[in-house]
Amino acid sequence: MTYTPTTDAEHRSDLDEPVQLLTPAGERRRDPRLDEWADDLDLDALRGLYRDMTLARRVDAEGVALQRQGQLGLWAPAQGQEAIQVASARACRADDFLFPSYREHGVLLVRGAAPADLVLSWRGEVASTYDPAELRVAPPQIIIGAQTLHAVGYAMGIQRDGADQVAVAYFGDGATSQGDVNEAMVFAASFSAPVVFVCSNNHWAISEPVTVQAAHPIAGRAPGFGIPSMRVDGNDAIACTAAMRWALDHARSGGGPVFLEAVTYRMGPHTTSDDPSRYRSNDEVDRWRAKDPLARLEALLRAEGAFDDAFRADVDADALSYTTQMRSAAIDAVSAPPLSVLDHVYAEPHSGLDEQRRRFSAYLDGFGDDEGGAR
Amino acid sequence: MTYTPTTDAEHRSDLDEPVQLLTPAGERRRDPRLDEWADDLDLDALRGLYRDMTLARRVDAEGVALQRQGQLGLWAPAQGQEAIQVASARACRADDFLFPSYREHGVLLVRGAAPADLVLSWRGEVASTYDPAELRVAPPQIIIGAQTLHAVGYAMGIQRDGADQVAVAYFGDGATSQGDVNEAMVFAASFSAPVVFVCSNNHWAISEPVTVQAAHPIAGRAPGFGIPSMRVDGNDAIACTAAMRWALDHARSGGGPVFLEAVTYRMGPHTTSDDPSRYRSNDEVDRWRAKDPLARLEALLRAEGAFDDAFRADVDADALSYTTQMRSAAIDAVSAPPLSVLDHVYAEPHSGLDEQRRRFSAYLDGFGDDEGGAR
Amino acid sequence: MTSITTGKASLTMGKALGAGLRRAMADDERVLVMGEDIGKLGGVFRITDGLLDEFGPARVIDTPLAESGIVGTAVGLALRGFRPVVEIQFDGFVYPAFDQIVCQVAKLHYRTRGRVRMPITIRIPWAGGVGAAEHHSESPEAYFVHTAGLRVVAVSNPQDAYTMLRQAIASDDPVVFFEPKRLYHAKGDVDLDAHIADAAPMGLARVVRQGTDVTLLTYGAQVATAMDAATAAEDEGVSIEVIDLRSLSPVDYRTVTASVRKTGRVVITHEAPGEAGMAAELIASITEQCFHHLEAPPLRVTGHDIPYPPAKLEKHHLPDLDRILDAVDRVLDRPNSFPEVAP
Amino acid sequence: MTSITTGKASLTMGKALGAGLRRAMADDERVLVMGEDIGKLGGVFRITDGLLDEFGPARVIDTPLAESGIVGTAVGLALRGFRPVVEIQFDGFVYPAFDQIVCQVAKLHYRTRGRVRMPITIRIPWAGGVGAAEHHSESPEAYFVHTAGLRVVAVSNPQDAYTMLRQAIASDDPVVFFEPKRLYHAKGDVDLDAHIADAAPMGLARVVRQGTDVTLLTYGAQVATAMDAATAAEDEGVSIEVIDLRSLSPVDYRTVTASVRKTGRVVITHEAPGEAGMAAELIASITEQCFHHLEAPPLRVTGHDIPYPPAKLEKHHLPDLDRILDAVDRVLDRPNSFPEVAP
Ligand SMILES: Cc1ncc(C[n+]2csc(CCOP(=O)(O)OP(=O)(O)O)c2C)c(N)n1
Ligand SMILES: Cc1ncc(C[n+]2csc(CCOP(=O)(O)OP(=O)(O)O)c2C)c(N)n1
Ligand SMILES: [Mg+2]
Ligand SMILES: [Mg+2]
């Protein structure tokens with residue numbers, strides 16, 4: 001039927017080949033659009049990327065495991081998306097401000113999130129953990145697309161402070177359908193705000209293929225708003241680094257917003273509650289497995305003689321240490337006391353809530369020490 | 001400052017010259033993009049366009065006059081925008097369904113709206129007058145951009161009915177910033193819905209120049225959503241006719257949505273409450289006066305010997321008859337009785353409102369015949 | 001795909017809702033369902049499971065990820081004569097559609113003086129108690145109750161889910177239809193053959209337990225909590241009449257006030273914050289209509305006036321049996337009462 | 001451009017608001033104003049007139065036409081340490097921003113356990129009585145009152161407009177600030193030098209007329225109508241105490257209940273529909289806190305539960321002096337009372 005979007009997730013948007021500097025086989029390629037931003041990446045830098053991406057993958061696996069074991073309420077797997085997450089965050093300056101979605105664990109890791117930060121909100125202990133001002137990362141956003149406007153507003157603030165920082169908005173392919181994301185592009189373009197939009201097109205928004213959201217390649221939308229854009233192989237950490245450097249430089253130097261579409265794939269379910277077998281084929285997943293971001297970087301490093309057992313052991317040890325701390329952070333978590341649910345609703349005293357606190361506190365006191373309730 | 005959009009309303013968007021088939025001087029031009037859709041327009045058709053556009057202008061002037069005389073609460077002048085309004089509506093089939101904004105008086109006229117339909121809602125007697133199913137026109141929309149989604153939904157309904165009608169969404173340049181308009185493009189493109197978006201870029205959204213909304217020509221936005229688009233001289237009734245015919249044909253024949261940007265100008269204030277001298281120059285207005293849509297059509301008709309005193313007298317008589325009826329519809333309007341404010345909230349009985357009606361009715365009865373109140 | 005269509009069956013509320021949708025679609029070909037992930041996936045709660053196979057993509061529409069777009073296009077479909085049933089994936093995601101719901105869906109009938117009808121059903125998986133992530137446990141019903149032009153209902157059991165969903169779809173008015181997520185897996189007997197015209201109209205409340213001392217008003221998943229409280233109170237010799245409101249707009253005040261006139265004491269419980277919430281509306285109307293029958297001030301047992309807390313803390317937010325019984329004590333002027341606030 | 005900055009002056013509410021903004025911007029360079037048409041045009045009501053010239057485009061931001069975008073970018077600016085004052089052009093256009101207000105502005109402080117502050121003021125030209133077109137006369141305050149995390153205020157005179165706007169901007173919490181359009185041209189004395197810390201806090205109600213028989217609660221433009229009603233009632237020997245609530249969330253229940261304890265009778269009036277509206281909240285709390293002092297059921301005199309009607313009919317919707325006095329009669333048990341609805 002003509003009125004049904006194609007349900008093939010690998011769709012028209014693949015007509016424009018994304019920029020690639022590292023093939024799935026691990027071969028280094030050149031591309032005039034990005035070479036100047038990649039040529040200085042030495043083996044140390046590549047090993048750093050590999051280390052963080054591995055950490056991201058292990059953290060993700062640990063998140064899934066902890067959820068399966070009942071330690072977390074939910075987890076949103078990011079497997080397959082490590083390259084864009086880690087590379088883009090590493091390309092940022094420490095004083096840039098990042099606005100991730102719920103799936104950007106790799107971004108949090110690069111910004112120095114503690115192991116507890118990765119688990120406590122998924123466990124349901126807190127809505128968010130780290131101090132946004134310290135990590136310079138906003139709390140991960142669940143309302144699809146809302147954070148893109150926050151990033152643009154933040155970037156407008158950077159302009160007003162005469163600073164040369166950049167705000168980075170992370171979101172998915174599905175998010176591009178939301179009004180907010182389009183309004184964010186309008187505001188960013190109108191005010192030439194120093195913001196980089198990083199759209200991780202992982203081909204799926206839960207069960208909806210990207211073709212339901214976009215009849216045209218996503219990166220093609222931004223220029224119509226007056227925003228330069230680029231499609232980049234989102235599983236290629238080198239291209240992601242280069243593209244992000246280009247974008248950040250453009251925004252930082254007063255050129256206004258930039259839009260990156262990172263073409264990648266969500267290898268796992270949407271969340272641990274999801275069953276992707278209902279809507280996509282194993283074939284499709286296998287095709288993307290062959291484009292794994294870690295495998296290709298490892299292949300390159302091996303070819304360059306920069307990947308040995310010592311390095312592997314070192315990375316593994318780091319990851320193990322981090323995931324072990326995640327695990328204890330989850331298992332040892334102590335839930336906040338009942339009355340704490342009334343904390344931090346307002347920054348200043350509020351007569352209504354203060355009265356409610358008085359009553360709830362008296363009510364709780366009525367139970368004495370008996371946790372089991374009044375009866 | 002780099003973060004302030006240019007405040008020159010004739011901005012970057014004029015880099016792309018809109019398609020024009022009739023110059024401001026009244027000369028017929030050719031353009032391969034639209035010729036096939038215009039070549040059959042004979043003098044009768046042009047005189048029809050001229051007649052309706054004149055009617056639209058007189059109706060508009062009458063609306064302003066009635067407002068100034070206190071007969072209407074408000075009026076949104078459309079002077080200068082007659083070509084796109086009239087030509088696009090005339091290009092539609094009677095069974096197409098149109099979704100206008102508050103400013104599309106010309107569209108209503110072409111669809112056969114009665115004189116009362118043009119004044120009663122502006123007078124504040126009713127929220128809307130005509131039966132949408134009869135005129136095949138939705139009630140004019142005030143919430144900026146909301147109607148674009150309605151048009152797309154209606155078009156999805158057309159598809160489901162296997163019909164070959166088209167839905168037409170009218171909106172302004174300012175509206176393109178709203179999330180809804182962008183979501184409308186997403187839905188339209190994903191479902192290949194038979195909808196034509198007609199954006200009347202009159203260069204201003206109240207006091208905001210189009211450059212605040214769009215850093216890039218508006219018509220350039222649609223292709224990024226997968227929607228073919230065209231910039232057309234919105235003051236050129238021939239180009240507007242041709243472009244609309246092209247767009248309708250494309251949509252009607254299963255090609256999916258089309259986006260038209262009609263480049264035009266609002267000659268008057270935003271509404272009768274507005275004072276445009278606060279934000280734009282007389283020079284700018286004068287420049288646009290030289291591009292008047294009626295004058296150029298009249299010049300062409302005169303050159304073709306198809307415009308004589310009899311025709312003028314005939315058109316004037318039509319317009320006078322219509323505006324006279326508008327005037328009486330306004331002056332003779334009788335406000336609905338108090339209890340009627342409770343009518344039509346629900347289509348089916350509603351215990352809460354029924355009880356409220358009972359009480360309000362008893363309350364009103366308490367006044368007896370004395371209009372002045374109980375005391 | 002299981003297609004449950006006739007007879008009596010023991011169904012979960014989720015399955016009952018699916019059966020209601022299927023039945024409504026079979027009965028009227030103008031009924032469409034639309035939303036995010038409702039086709040191939042059958043919705044994140046599987047309520048629409050099987051409908052795509054049965055009715056095809058023309059009537060089961062997987063939409064782009066944009067709630068305003070979903071409701072806005074539903075308005076257009078309604079203008080074309082369809083009866084769209086929209087699924088909002090979770091309660092917390094209805095807000096992007098708020099403008100279309102409040103300014104368009106609710107008002108078009110009025111604005112056109114009855115010429116346009118908006119038979120749109122907006123299904124909302126709703127409220128807390130399921131340990132969900134942020135924005136997934138909201139109770140926004142009061143926003144819609146305060147919006148003239150909408151009907152608002154909340155279901156509490158599979159039979160009502162099945163019947164009221166069909167009634168909502170058959171209604172020529174827009175209906176915001178709240179489905180307690182907490183009950184999706186709760187089972188109950190459902191008569192699948194009943195004519196919707198024979199069933200109690202959607203607008204009527206139901207006395208789910210008779211009692212003489214206190215009227216306990218609630219809706220949705222709180223009905224079960226209220227019943228538990230009534231059972232516990234019985235042991236202490238207190239007879240509680242529990243009313244499941246079912247319809248939040250309009251409220252069936254006839255049933256409510258009849259009970260209050262009998263008991264003279266009222267407790268109202270819901271998950272949503274209390275401030276300007278549904279319980280406030282009930283208390284205001286009850287006080288107005290039954291003042292001289294009231295023997296104690298009607299009391300609210302609601303969520304706190306806070307954003308929904310993290311999952312591990314939601315038990316401190318949701319009004320449980322103890323908090324309800326505490327209010328019952330207070331309304332009966334028994335110990336534990338809170339003194340009036342000093343002036 | 002007139003720059004009113006010191007001394008005492010007789011100002012319209014519109015000018016007082018402008019002066020308040022100017023003063024707040026002068027006092028704190030992190031204060032920004034943003035919205036549609038607020039720069040060159042000075043806003044459609046000219047409240048921001050002159051600010052662009054005085055403070056420049058970095059601090060007076062003419063935005064694209066997108067309310068979600070306006071509030072969403074204000075959130076980002078607040079994260080950067082600014083104090084954005086957002087103008088929503090008319091009450092009826094706040095709904096596209098509802099998601100950003102309810103899910104982000106209201107919740108970010110809570111979600112980050114106090115680490116992030118949202119000192120955003122959302123100014124809304126508000127309510128009816130000015131003969132405006134559709135969607136230009138809405139009273140959406142209850143939606144925001146029901147939303148935990150927001151403060152909600154409504155002003156009724158130029159002095160409060162001046163002072164409370166500055167207090168709202170100075171507050172570290174988000175404030176939805178309602179400005180009755182009907183009063184933009186109403187004049188009053190304004191002390192421009194007063195320190196905001198010396199003024200009554202934004203959260204306090206004000207007894208604007210003392211009385212002993214009936215407490216009449218209201219806010220915004222209805223305060224004037226209530227005062228007229230009190231004057232008219234005085235002629236009939238009825239002494240009405242009128243309270244201007246000023247703050248709708250939180251409500252200053254200390255002041256309210258003190259009055260109710262004195263009078264025992266309450267009438268509440270507002271323009272918004274009654275169902276689950278502000279008056280319902282007030283009645284529920286008053287009943288809870290003062291039940292034994294009440295001599296009659298508190299009554300609501302509100303807009304009907306209808307979409308806002310066309311301008312020529314709005315007088316039948318807005319609660320006027322007669323409808324208020326009718327309720328006063330009823331609350332005093334005088335003729336004209338409506339019988340309780342039959343069960
Ligand atoms: C406003 C809103 N609507 C719906 C949802 C439910 N939801 C959560 S994730 C998701 C899909 C998002 O897809 P995409 O943007 O591609 O990001 P991805 O999950 O693939 O990373 C949906 C529909 C939501 N969180 N917020
Ligand atoms: C959602 C919403 N926000 C704000 C307004 C107030 N408003 C009415 S018309 C207008 C400008 C519209 O500009 P444009 O879309 O270019 O149409 P034009 O008036 O030029 O025809 C604005 C801001 C509105 N009606 N609806
Ligand atoms: Mg995705
Ligand atoms: Mg315009």
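Worth saying up front: this structure is predicted, and the values here are computed from it rather than measured. Proteins get letters first, then strands, A, B, ... in listed order; numbering begins at 1 in each.
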I need the [X] [atom1] to [Y] [atom2] distance, nearest 0.5 Å.
{"X": "Ser128(A)", "Y": "Leu108(D)", "atom1": "OG", "atom2": "CG", "value": "8.5 Å"}
{"X": "Tyr110(D)", "Y": "Leu342(A)", "atom1": "OH", "atom2": "CG", "value": "7.0 Å"}
{"X": "Asp180(A)", "Y": "Asp99(D)", "atom1": "CG", "atom2": "CG", "value": "6.0 Å"}
{"X": "Tyr130(A)", "Y": "Arg113(D)", "atom1": "OH", "atom2": "CZ", "value": "12.0 Å"}
{"X": "Arg115(D)", "Y": "Thr129(A)", "atom1": "CZ", "atom2": "OG1", "value": "7.5 Å"}
{"X": "Ser247(D)", "Y": "His350(A)", "atom1": "OG", "atom2": "NE2", "value": "7.0 Å"}

Need one label for [X]: side chain, backbone, both or neither, based on atoms under 4.5 Å from any heavy atom in chain D.
{"X": "Asp131(A)", "answer": "both"}
{"X": "Ala151(A)", "answer": "neither"}
{"X": "Leu353(A)", "answer": "neither"}
{"X": "Val195(A)", "answer": "neither"}
{"X": "Gln165(A)", "answer": "side chain"}
{"X": "Ala169(A)", "answer": "neither"}

Student check: side-chain heavy atoms of Arg160(A) and Leu32(D) closer than 4.5 Å: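 With C-beta onward as the side chain, the pair touches.
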Between Ile158(A), Asn182(A), Thr148(A), Ile142(A), the one whose heavy-atom pairs under 4.5 Å with chain D are most numerous: Ile158(A)
Option that, when pairs with chain D are counted at under 4.5 Å, heavy atom only, ranks first among Ala193(A), Ala155(A), Pro349(A):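 Counting heavy-atom pairs under 4.5 Å, the top option is Pro349(A).
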Nearest non-hydrogen partners of Ala163(A) and Arg80(D), listed with the distance: CB-NH2, 3.8 Å
Where Phe191(A) and Pro64(D) come nearest, the two heavy atoms and their spacing: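 In this case the closest contact between Phe191(A) and Pro64(D) is CE1-CD, 3.7 Å.
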Contact leader toward chain A among Arg30(D), Gln100(D), Met34(D), where contacts are heavy-atom pairs under 4.5 Å: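 With the most close heavy-atom pairs to chain A, the winner is Gln100(D).
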Choice from Ser249(D), Gly149(D), Pro174(D), Gly114(D) maximising heavy atom contacts with chain A below 4.5 Å: Gly149(D)
Arg111(D) side chain vs Ala127(A) backbone, donor-acceptor pair below 3.5 Å: no
Any donor-acceptor pair under 3.5 Å from Asp172(D) side chain to Ala347(A) backbone: no
Thr73(D) vs Tyr154(A), side chain to side chain contact (heavy atoms under 4.5 Å, CB included): CA-CA, chis, key distance, verdict: CA-CA 7 Å; Thr73(D) 52; Tyr154(A) 192 94; over 6 Å; no
Worked check of side chain to side chain contact (heavy atoms under 4.5 Å, CB included) between Asp252(D) and Ser351(A): CA-CA 7 Å; Asp252(D) 172 10; Ser351(A) 60; 5.9 Å; no
Please look at [X] and chain A and tell me whether the side chain, the backbone, both or neither of the residue comes under 4.5 angstrom of a heavy atom of that chain.
{"X": "Val251(D)", "result": "backbone"}
{"X": "Ala66(D)", "result": "both"}
{"X": "Tyr253(D)", "result": "neither"}
{"X": "Ser171(D)", "result": "both"}
{"X": "Ile61(D)", "result": "side chain"}
{"X": "Thr63(D)", "result": "both"}

Enclosure of Glu348(A) CD (heavy-atom neighbours >12, cutoff 6.0 Å): yes
Distance-only donor-acceptor check, side chains Gln104(D) and Gln147(A), under 3.5 Å: no
Arg151(D) NZ/CZ over Tyr346(A) ring centroid, <6.0 Å and within 45° of normal: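 The answer is yes; both the distance and angle limits are met.
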